[in-house]
Protein chains: 2
Amino acid sequence: MQSFTEENYLKTIYNLANRQQGEVSTNALAEVTATKAASVTDMLRKLSEKQLIHYKKYQGVRLTEEGERLALQIIRRHRLWEVFLVEKLGFSWDQVHDIAEELEHIRSEELVTRLDTYLGNPQFDPHGDPIPTSAGQMPETGYRKLSEAEVGEGVCLMAVLEHSAGFLQHLDYSDLSLGSTVIVQEISAFDKSFRVQTETGRTVFVSHEVAKNLLVN
Amino acid sequence: MQSFTEENYLKTIYNLANRQQGEVSTNALAEVTATKAASVTDMLRKLSEKQLIHYKKYQGVRLTEEGERLALQIIRRHRLWEVFLVEKLGFSWDQVHDIAEELEHIRSEELVTRLDTYLGNPQFDPHGDPIPTSAGQMPETGYRKLSEAEVGEGVCLMAVLEHSAGFLQHLDYSDLSLGSTVIVQEISAFDKSFRVQTETGRTVFVSHEVAKNLLVN
DNA sequence: ATAAAAATTTAGGCTAGTCTAAATTTTTAG
DNA sequence: CTAAAAATTTAGACTAGCCTAAATTTTTAT
């Protein structure tokens, strides 16, 4: 059985590894976990002893099979709780991250199973992220970033890479909601921002920074 | 903001104070929290410094107003989550205590408010315990123990004092469910056990020990 | 009333997870 | 290729919460 802290490290290592490529660095972990590099090193030694990560001093870290299994279990819980908070309790998608961050650590297989059933076995969370299966598989999505789309394309907004309340609220204001389709009308040569037409007919500008954090189909 | 551990102590002090009369002893706390008396003393000093309890060495302990407010908040969360687990996820009443024990520590006023609304502002949890109000009041019930009833009386089963899975399952087997009425047919002079007729017509025997843990109206 | 028993507190120590400062290793720039 | 910079680890220390053993206070039984 792992502590909350260990679970958070495993989850963070998984997320960083799948965002960047390859090994995860001590400093990157320190930044995300809001601790110092020295503290991270301590924890890496511990997780390594428990065979949850592959760790060579100074060489970065990656999850073992068992470590990944645990990470996916935690991510599954997190995403199911987010669905619950939005679908059942009526929270908006920019309010649920921190609460789910706590709920994900509740230890009960039975609870997760029943919650999943209760929610109708959802495949995606409110941010469009796929929910790992109970068997421990992360579904593939094949999305690409809006920033990679070209002029004239019509694309469907599927997920966000950034979960901060500020970013999500910005999308709300811009009439960009998941599941809706936008048509790329122009890409500015000046700042690579996108001019798109939303499903409701509005024309909105999407900065390159925002476009890089929007996944489309 | 309190730690999980501090919250558990506050809750436990509240429960012990309202079960027994007057001050709560160090040993009683050690037993319920499954720690040693010395550890309890440490925590009492800490809670006392935080003005959450009135504490004089060797004299036992009781909650301050602020301490009681916090204790009731935690008990409110616990009981609301128990309702959720039973009503929405379909757990049985003997499975929910431990899970609610973890859920009660999730820190979000908004979450509790929305959960309460979602559940239809329930007044009692699955064990018949009243749910403290959002204003921090513990509703009075005026129940008495089945063990205090007399032959010939018909009483309605309202709540249980013991929450262990074993006890609750025993009630299930005995056809004793909350909300149902039983008629006291005989009280054994030998062992003070009760012979009662249940709502479905069954005659069952209730030991004195069980009768002391059943609240009726 | 007082000695034995029970309850409680104190003293000193342990682990998990964190920190700062210093030492070490790796990477990068010239 | 090597010196400076950056990244990482080690060393030593702190807090929360727990422990055991010993000391102290309160309660109980004669």
Using whole Å, what does the distance between atom [atom2] of nucleotide [N] and atom [atom1] of [X] come to?
X: Gln2(B); N: dA16(D); atom1: CD; atom2: P; answer: 13 Å
X: Glu49(A); N: dT15(C); atom1: CD; atom2: C1'; answer: 13 Å
X: Arg45(A); N: dT10(D); atom1: CZ; atom2: C1'; answer: 9 Å
X: Met43(A); N: dT9(D); atom1: CE; atom2: C1'; answer: 16 Å
X: Tyr58(B); N: dA23(D); atom1: OH; atom2: P; answer: 13 Å

Sugar-phosphate, base or nothing in reach of Ser39(A), heavy atoms under 4.0 Å: base
Sugar-phosphate, base or nothing in reach of Phe4(A), heavy atoms under 4.0 Å: nothing
side-chain N/O [X] vs [N] OP1/OP2, d < 4.0 Å:
X: Gln59(A); N: dT26(C); value: yes
X: Tyr9(A); N: dT18(C); value: yes
X: Lys36(A); N: dT18(C); value: no
X: Tyr55(A); N: dT9(D); value: yes

Side chain to side chain donor-acceptor pair (under 3.5 Å), paired with Asn8(B), selected from Glu101(B), Gln2(B), His105(B): His105(B)
Nucleotide nearest Lys57(A) (side chain, heavy atoms from C-beta), chosen from dC18(D), dT10(D), dT8(C): dT10(D)
From dC18(D), dT10(C), dC19(C), nucleotide with atom closest to Asp42(B) side chain: dC18(D)
side-chain contact (heavy atoms from CB on, under 4.5 Å) involving Val86(A) - partner list, sequence neighbours excluded: Val96(A), Pro126(A)
Residue pairs fulfilling ring-ring contact (aromatic ring centres under 6.0 Å, His included) with at least one residue in residues 25-60 of chain B, sequence neighbours excluded: none
Side-chain ion pair, Arg69(A) and Glu66(A), N-O less than 4.0 Å: yes
Within residues 18-35 of chain A: residues closer than 4.0 Å to DNA chain D (heavy atoms): Ser25(A), Thr26(A), Asn27(A)
Nearest-nucleotide 5' precedence on DNA chain C, Glu6(A) against Ala38(A): Glu6(A)
Minimum heavy-atom distance between Leu161(B) and Lys212(B), given as atom pair plus value: CD1-O, 3.5 Å
Quiz item: cation-pi between Lys88(A) and Phe84(B), 6.0 Å / 45°: no
Inter-residue atom distance Leu85(B).CG - Glu110(A).CD, 0.5 Å rounding: 10.5 Å
